[in-house]
Number of protein chains: 2
Amino acid sequence: MKTTTRREDFLQASLQLIHEKGFKATTMRAIAERMDFDVSNSYNYITSKQDILELFLFRISQEFHHAMDNILASSYAADEKLKQVISAHVQVSAQKPYEVALMVNEWRNLKEPKYSEYVELRSQYERKMSKLLRAGIKEKVFKQVDIKVATAVILSSIRWLYDAFAKSKNTMNPVELERQIVALIFGGVMR
Amino acid sequence: MKTTTRREDFLQASLQLIHEKGFKATTMRAIAERMDFDVSNSYNYITSKQDILELFLFRISQEFHHAMDNILASSYAADEKLKQVISAHVQVSAQKPYEVALMVNEWRNLKEPKYSEYVELRSQYERKMSKLLRAGIKEKVFKQVDIKVATAVILSSIRWLYDAFAKSKNTMNPVELERQIVALIFGGVMR
DNA sequence: GTCTATATTCAGATAGAC
DNA sequence: GTCTATCTGAATATAGAC
């Protein structure tokens, strides 16, 4: 049985609205309206609008880092590791599309010092991916690609996933989607 | 010899600032300050803040469409066409990184009816890419990939390019970058 | 937890003189 | 084309009563 606290309801309503309108365009009034109470009540749950953004962004970022760390710490070969990273992205994007959308679209609205903290987390994540690719090249399972370019291309190529799930929760099969993406990233489009 | 009108200067300053801070966070006052005059003067060049966004967004969108149309209308094989599309993205991103950044980050700030118009242009572009991929599969130069997934993966995988050029105008060699990306999209990472 | 009322700040945009 | 002054609206946030 699932119980949701009033605070969780408030945060979910915020998340939904921020996803629809964008962070800056989402007013505290609009969130309150969706909760059916006055603006001032919003501050029973948070101390500022920034709180909402920080909360979701750092929580979901940590989730990606955890998945990545566990995969990197395993004894799988590099290609299997990459496959698992892609799998993790598909799964998180499927389960929490709105949070992932925030990661893609709204992180720029963080204020210092949280902004710098977040950018650093992002860089760390990219470095972890680069590390994986470098290991794969050394193991001779990957081609001799440029690490920076390959890191950017691969991470970028899976950044749209949240959108597929945000639009249609049901029609998308995550397992088949993962298979298709892995096939493309591993083998490219050429026959 | 290059002459720039005052209006062009104003728009360039706007573009630069919007890229730095985001559209919503960029105030007319801030743009005017960078131009060293009062806010009210800004309205000598535009009639509303929205104008700025519309102007850049539809202009650069058209540029991508033109390139795509010319490539599709050629008699090249599908793989060569795809290569040329990637080449066009690299070149436009290198020459107009801030405009491309707007395409990626700020299109959501358009208001109706321009918003819907722009979304339609975007969809059209995706359909053109899908058409190219479908042709390539029929020609048997591409694998039997899922069209929707492949379209999203490929377009997404080249969306970060503007960032590489916005950061470092000089250090990036567009030709070599293109080669690396084409290699990845065509052949994947696996050895 | 809910409301009313309000402080504060700041945004886009216009009028009108020089 | 530039300025001063101002309108108008809206946003985040707080105080304090019930």
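The basis for the numbers below is simple: all heavy atoms, side chains too, and nothing from hydrogens, waters or symmetry mates. The sequence lines fix the lettering, A, B, ..., with proteins before strands; numbering per chain opens at 1.
- Side-chain contact check for A:L82 versus A:I154: some heavy-atom pair is nearer than 4.5 Å.
- In terms of position on DNA chain D, the residue among A:T47 and A:T27 whose nearest nucleotide sits closer to the 5' end is A:T27.
- Rounded to whole angstrom, the span from the NZ atom of A:K49 across to the C1' atom of D:dT14 amounts to 18 Å.
- Put simply, A:R6 has a side-chain N or O that comes within less than 4.0 Å of OP1 or OP2 on C:dT2.
- With C:dG12, C:dT2, D:dT2 as the candidates, the nucleotide lying closest to the side chain of A:N44 is C:dT2.
- In this entry the distance linking CG of B:D9 with C1' of D:dG1 reads 14 Å, nearest Å.
- Counting to the nearest Å, the P atom of C:dA7 and the OH atom of A:Y43 are 17 Å from each other.
- Crowding of A:E112 atom CD: a count of heavy atoms from other residues, nucleotides or ligands under 6.0 Å exceeding 12.
- Distance, B:E33 CD to C:dC10 C1': 14 Å, rounded to whole Å.
- Here the P atom of nucleotide D:dT2 and the CE atom of B:M35 are 8 Å apart, to the nearest Å.
- Checked by distance alone, A:S40 brings a side-chain donor or acceptor within 3.5 Å of a matching partner on the base of C:dT4.
- What separates CG of A:N41 from C1' of C:dA5 is a distance of 14 Å, to the nearest Å.
- Residue-environment remark: NZ (B:K81) exceeds the threshold of 12 foreign heavy atoms within 6.0 Å.
- For the pair A:K96 and A:F165, the cation does not sit on the ring face, since its NZ or CZ is not both under 6.0 Å from the ring centre and inside 45° of the axis.
- B:R29 comes within 4.0 angstrom of a base, heavy atoms only.
- One can place CZ of A:R7 at 11 Å from P of C:dG1, the figure rounded to the nearest angstrom.
- The separation between B:I46 atom CD1 and C:dA13 atom P is 7 Å, rounded to whole Å.
- Counting any heavy atom pair closer than 4.0 Å across all strands shown, A:F37 reaches sugar-phosphate atoms only and no base atom.
- Residue A:A25 is the one, among A:D38 and A:A25, whose nearest nucleotide of DNA chain D lies closer to the 5' end (criterion: closest heavy atom).
- Across all strands, B:Y45 comes closer than 4.0 Å only to sugar-phosphate atoms, never to a base (heavy-atom distances).
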**Message:** For A:S14 and A:L17: C-alpha separation, side-chain torsions, deciding distance, then whether side chain to side chain contact (heavy atoms under 4.5 Å, CB included) applies.
**Reply:** CA-CA 5 Å; A:S14 305; A:L17 263 170; 6.0 Å; no

